[in-house]
There are 2 protein chains.
Amino acid sequence: MPRTPILSASGIRTAALALVDRDGLAGLSMRKLAAELGVRAASLYGHVATKDDLLHDLAAGILEEVDVSGFAEGDWRHGLTTCARSYRAALAEHPNIVPFLAYGPAHRETSSRRLDVVRGGLVAAGWGRREATMIAASLVYLVLGAALSSFSSGFSGDQALHPDPGRAEPLPSVAEELDHDSFELALAAFVDGLALRVPADLRAPQVDAG
Amino acid sequence: MPRTPILSASGIRTAALALVDRDGLAGLSMRKLAAELGVRAASLYGHVATKDDLLHDLAAGILEEVDVSGFAEGDWRHGLTTCARSYRAALAEHPNIVPFLAYGPAHRETSSRRLDVVRGGLVAAGWGRREATMIAASLVYLVLGAALSSFSSGFSGDQALHPDPGRAEPLPSVAEELDHDSFELALAAFVDGLALRVPADLRAPQVDAG
DNA sequence: ACCTGAACACCGTTCAAGT
DNA sequence: ACCTGAACACCGTTCAAGT
């Protein structure tokens with residue numbers, strides 16, 4: 001009678017993500033993860049190739065939640081805005097994994113499949129292919145930058161931010177609101193600025209030698 | 001006759017930065033760093049409190065290179081652009097340290113002193129205090145996002161990018177140029193978009209209930 | 001004063017061995 | 001098939017001891 005296995009790849013991933021959410025990226029160790037699952041560290045390697053691989057899978061799962069359907073209606077401004085917001089929201093649900101995304105091309109595959117949809121939407125809306133690529137990249141800059149500067153930018157001496165002038169640091173909720181508003185401002189300004197250089201269809205092309 | 005000390009805090013920092021530049025953030029260990037200096041790991045702790053502290057100092061040194069003087073002329077667009085470019089250039093010189101910046105408020109102090117200058121310049125140019133804070137935050141989003149998405153965004157199947165259509169990946173120089181152009185596009189669009197919502201001085205204030 | 005040896009409490013990963 | 005013990009080659013950090 002074969003006893004049912006304790007471990008599974010997906011169970012490991014779930015526990016790992018919970019651990020990262022709870023204890024941060026540095027708080028995830030294979031030994032701790034194993035203990036959480038009632039098992040020893042070595043056992044994990046029957047289901048998961050490597051810790052880096054595991055983190056990669058977690059990141060991919062999160063990026064899969066990004067909604068790129070907003071381009072369907074043909075409005076690239078709406079498409080960009082929707083995508084950026086859902087991207088940011090997806091990262092906000094697991095903020096502790098964001099530093100891992102900084103470690104380079106580990107998560108390239110999922111991320112770029114997503115970006116190709118964005119690029120496609122932009123091209124369909126009349127943008128050139130190179131512009132579309134650059135706009136998609138810019139979107140990632142904004143979202144990723146916002147995700148990892150959240151709470152950490154730390155604005156030192158601004159009394160205008162907290163109604164109570166005796167306080168040195170903004171309250172968490174105030175900081176959160178400020179992060180949110182900053183992101184929305186950046187996104188709106190970026191999209192508005194792009195609209196000024198929309199090509200052929202609506203406007204004459206920008207001067208060639210910038 | 002007291003033999004002259006081998007170690008110094010600044011010597012350690014220099015070697016550490018060189019090591020990070022060469023071997024990446026993961027390639028920096030206190031033991032390796034000590035070996036590089038002809039010493040044992042324990043000796044470092046006479047001059048440096050902690051590895052995290054050391055990295056914090058490296059980051060602070062890099063952020064100090066950021067040029068925030070561009071606001072002197074009173075042109076906030078020029079100030080923002082100059083600051084963003086020099087910020088990006090400073091990070092580009094030590095790209096391997098960027099992931100460390102993602103690990104939260106460790107480098108808050110230097111960073112926020114810099115940001116206060118930006119905020120000040122924006123307020124002097126007529127922006128409201130809260131807007132100025134949000135714009136400064138947005139700038140950080142853009143630069144940090146660009147710094148860590150560099151080369152890593154990885155655009156999969158775009159033949160338009162490389163002149164030779166047989167190639168699967170863009171050449172490094174092509175990727176670099178694309179990163180650069182994307183950043184410049186994002187920055188220009190962002191600043192242009194901001195200009196559309198410039199307050200009181202030049203335009204009527206935006207509608208209050210957004 | 002400054003550096004070292006040795007130790008403590010950890011890591012990720014492998015692999016022969018158990019069931 | 002699946003898990004374990006033990007080991008390997010590492011970590012950051014401390015601290016009594018040497019010079």
Side-chain angles (χ1 to χ4, degrees), chain A residues 1-60 96-97 99-104 106-107, chain B residues 1-60 96-97 99-104 106-107:
Chain A
M1 192 97 95
R3 293 226 277 24
T4 62
I6 320 177
L7 257 28
S8 74
S10 84
I12 291 172
R13 280 197 290 268
T14 304
L17 186 53
L19 203 49
V20 169
D21 286 343
R22 173 151 59 80
D23 297 348
L25 203 52
L28 173 68
S29 84
M30 296 304 267
R31 287 171 150 96
K32 239 169 87 178
L33 176 56
E36 206 93 5
L37 291 161
V39 114
R40 318 294 268 229
S43 316
L44 298 171
Y45 290 87
H47 303 84
V48 154
T50 218
K51 184 189 177 182
D52 214 72
D53 239 65
L54 176 55
L55 276 167
H56 171 283
D57 286 348
L58 299 186
N96 292 338
I97 213 163
F100 173 74
L101 300 180
Y103 270 100
H107 63 300
Chain B
M1 193 97 94
R3 296 229 273 25
T4 62
I6 321 177
L7 257 28
S8 73
S10 83
I12 292 171
R13 281 196 289 267
T14 304
L17 187 53
L19 204 50
V20 168
D21 285 343
R22 174 153 59 80
D23 297 348
L25 202 52
L28 172 68
S29 82
M30 296 305 267
R31 287 171 149 98
K32 238 169 87 178
L33 175 56
E36 205 94 5
L37 291 161
V39 112
R40 318 294 268 230
S43 316
L44 298 172
Y45 290 88
H47 303 83
V48 154
T50 219
K51 184 188 178 183
D52 213 72
D53 240 64
L54 176 56
L55 277 168
H56 171 282
D57 287 347
L58 299 186
N96 290 339
I97 212 164
F100 173 73
L101 300 180
Y103 269 100
H107 63 300

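Chain naming here is simple, since letters A, B, ... match the order of the sequence lines and numbering starts at 1 in each. Below, each value reflects all heavy atoms present in this structure, side chains not excepted, and no hydrogens, waters or symmetry copies.
dA9(D) sits 16 Å from dA9(C) when the C1' atoms are compared, rounded to a whole Å.
Contacts between residues 10-19 of chain A and DNA chain C, defined by a heavy-atom separation below 4.0 Å, involve no residue at all.
Spacing between atom CG of Leu44(A) and atom C1' of dC11(C) amounts to 14 Å, rounded to whole angstrom units. Summarising the geometry, the separation between CG on Leu37(A) and C1' on dT4(D) is reported as 15 Å, rounded to the nearest angstrom. What separates CG of Leu33(B) from P of dC3(C) is a distance of 13 Å, to the nearest Å. When the P atom of dC11(C) is taken as reference, atom CG of Leu28(A) falls 10 Å away, rounded to whole Å. Between the CG atom of Leu25(B) and the C1' atom of dC11(D) there is a distance of 14 Å, rounded to whole Å.
Residue His47(B) places at least one side-chain N or O under 4.0 Å from the OP1 or OP2 atom of dC3(C).
The two residues Ala16(B) and Leu33(B) come nearest to each other via the heavy atoms N-CD1, 3.6 Å. The shortest non-hydrogen separation linking Leu55(B) to Ile97(B) is O-CD1, 4.3 Å.
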Val48(B) vs Asp57(B), test: side-chain contact (heavy atoms from CB on, under 4.5 Å). Steps then yes/no. CA-CA 10 Å; Val48(B) 154; Asp57(B) 287 347; over 6 Å; no
Test log, rule side-chain contact (heavy atoms from CB on, under 4.5 Å), inputs Ile12(A) and Leu37(A): CA-CA 8 Å; Ile12(A) 291 172; Leu37(A) 291 161; 4.1 Å; yes
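With hydrogens and angles disregarded, no donor-acceptor distance shorter than 3.5 Å links the side chain of Asn96(B) to the backbone of Leu25(B). A distance-only check finds a donor-acceptor pair linking the side chain of Ser29(B) to the backbone of Lys32(B) [under 3.5 Å]. For the pair Lys51(A) (side chain) and Met30(A) (backbone), a donor-acceptor distance under 3.5 Å is absent. Ser8(A) places a side-chain N or O within 3.5 Å of a backbone atom of Gly11(A) that can act as its donor or acceptor partner.
With Phe100(A) as reference, Asp52(A) is the one residue of Leu58(A), Asp52(A), Val20(A) to meet the side chain to side chain contact (heavy atoms under 4.5 Å, CB included) rule.
The distance from atom CG of Leu19(A) to atom OG1 of Thr14(A), rounded to the nearest 0.5 Å, is 12.0 Å. Atoms CG and CG, from Leu54(B) and Leu44(B) in turn, are 8.5 Å apart once rounded to the nearest 0.5 Å.
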Using a 3.5 Å limit on both pairing distances, list the dot-bracket string of DNA chain D from the 5' end; Watson-Crick and G-U wobble pairs count, crossing pairs take [ ], interstrand pairs take |. ||.|||||...|||||.||
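Closest to the Arg40(B) side chain, of the nucleotides dT4(C), dT4(D), dC3(C), is dT4(C). Comparing atom distances between the Ser29(B) side chain and each of dT4(D), dC11(C), dG12(D) picks out dG12(D) as nearest.
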Table of protein N/O atoms under 3.5 Å from nucleotides 13-19 of chain C N/O atoms:
residue, atom, partner, partner atom, Å
dT13(C), OP1, Thr50(A), OG1, 2.4
dT13(C), OP2, Tyr45(A), OH, 2.6
dT13(C), OP2, Lys51(A), N, 2.9
dT13(C), O5', Tyr45(A), OH, 3.4

